[in-house]
Every structure is written in C-alpha cells, then in structure tokens.
Amino acid sequence: MLETDRLILQPLNHNQLLKYIQNDNSLDEELKLKPSNKVISSSLKKALTQTILPNVNDGNKNYLFNTLWTLISKADNIMIGDFCFVGAPDANGELEIGYGTYEEFRGKGYMTEAVARMIKWAKEQKTVNTISASTEIGNVASYSILEKNNFVKVAEGEGMFTWKLELR
C-alpha cells in the first residue's frame, strides 16, 4: 500500500481481484469502504481475467507489477479509480502504465497525484529505467496527467500517442 496526501493506493491480491470483477460491492465491504459506482469496461474485464489474474497467481512474478491498484479517497473513503503496471519491466527496464478515474471523480487531480506517487515508487525499483504510457489522441485529460508528470510524447500512430518518462 502506498499513500499520498489524499489517496491510498492499494494493490489487490487474487481474491480481491475476483471481488473487483464481481462488482457487487464485496470488495468495498472487505476494504471497509463506501460502495462505489465503478464501471468495468469490457477491455478491463478481459485484461483482468486473461492476464492480470493469471500473472498475480504466478509465484515467479512480482505481483505488484502485475495487479490492479485501486485508488481510495481518504476524505470520502471510497474507490475513485484504478492504476496498473502492464507487467514487470522488460530487459531494458521499461515499464508501461495504465489508469482510469471513475467518472464522478474526474477533473479533481486524483490521477495526476496517483501517477506521481507510482513514479516515485518505480524510481525505488532498481529494475525500472523508463515508464511508458499510451493515450488516445482525443483523450486530453489522460495525456494531461502524463504531461503534468513530465512524460514526453515520443510517437503518434493509429489514433494513439505514446509517452515516456526516463527515470535514470
């Protein structure tokens, strides 16, 4: 678990991920949170069932790089979004991130704060040299989060921007 002034960033274990997918507020109950109105996209559900859950279950992998981290508002005691690393760093030390803020909590700087904290954590990992992310070209809010955290746009194609942040 990591913290910022306003957030708790909680990595989910295998059983918590199963509850997250059920989306029946059982995870909220376990974490002693107010029920959230999260919507799990089909692409996230597919990633959870096909990639994240199997990787979290794999004892040879560092689950912190493979799980979903839920973002919890300290003030409201509710889940407000999600963050993940897309697997462990590659041979060059590059790590990809993904994130999403639940609709009712957007525009309040939560994800900018969460990404900054995860960058700080990644810098502490000796195997991480670079963090990358992809955003849809039209998703100004998403790439604004990256710009505020000093990511640099390095490529554009197929309706997407690719961003990088060099740590070392």
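Nothing here was measured: the structure is a model prediction, and the numbers come from that model.
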Side-chain contact test, heavy atoms from C-beta onward, threshold under 4.5 Å: evaluate it for Leu53 versus Leu18 and give yes or no. yes
Residues at least two apart in sequence or cross-chain that pass ring-ring contact (aromatic ring centres under 6.0 Å, His included) with Tyr20, listed by chain then number, are none
Heavy atoms only: give me the nearest Ala114-Leu9 pair and the separation to one decimal. O-CD2, 3.9 Å
So do the side chains of Leu12 and Thr70 get within less than 4.5 Å of each other, counting heavy atoms only? yes
Using only heavy-atom distances, determine whether the side chains of Lys34 and Asn77 contain a donor-acceptor pair under 3.5 Å. no
Is there side-chain contact between Val152 and Leu165, with at least one heavy-atom pair below 4.5 Å? no
If you draw a 6.0 Å radius around CD in Gln22, do more than 12 non-hydrogen atoms from other residues or ligands fall strictly inside? yes
Of all heavy-atom pairs linking Phe105 and Met79, the shortest is CE1-O, 3.9 Å
Exercise: identify the closest heavy-atom pair between Met111 and Gly100: CE-O, 3.3 Å
So how far is it from Thr51 OG1 to Lys46 NZ, rounded to the nearest 0.5 Å? 8.5 Å
Apply the side chain to side chain donor-acceptor pair (under 3.5 Å) test between Glu3 and each candidate in Gln10, Lys74, Arg117; give the one that qualifies. Lys74
Close side-chain approach of Ile97 and Val115, heavy atoms under 4.5 Å: yes
Evaluate the side-chain proximity of Leu2 to Trp69: yes if any heavy-atom separation is below 4.5 Å, no if none is. yes
Nearest heavy-atom neighbours spanning Leu68 and Leu17: CB-CD2, 3.8 Å
Classify the side-chain pair Tyr63/Asp58 by whether it contains a donor and acceptor separated by less than 3.5 Å. no
Hey, would you say the Trp121 and Phe83 ring centroids sit under 6.0 Å apart? no
Applying side-chain hydrogen bond (donor to acceptor under 3.5 Å, both in side chains), which residue pairs with at least one partner in residues 83-97 are found, sequence neighbours left out? Glu94-Ser132, Glu94-Lys164
Do the non-hydrogen side-chain atoms of Ile145 and Tyr99 ever get within less than 4.5 Å of each other? yes
Any side-chain heavy atom of Asn149 sitting closer than 4.5 Å to one from Ile119? yes
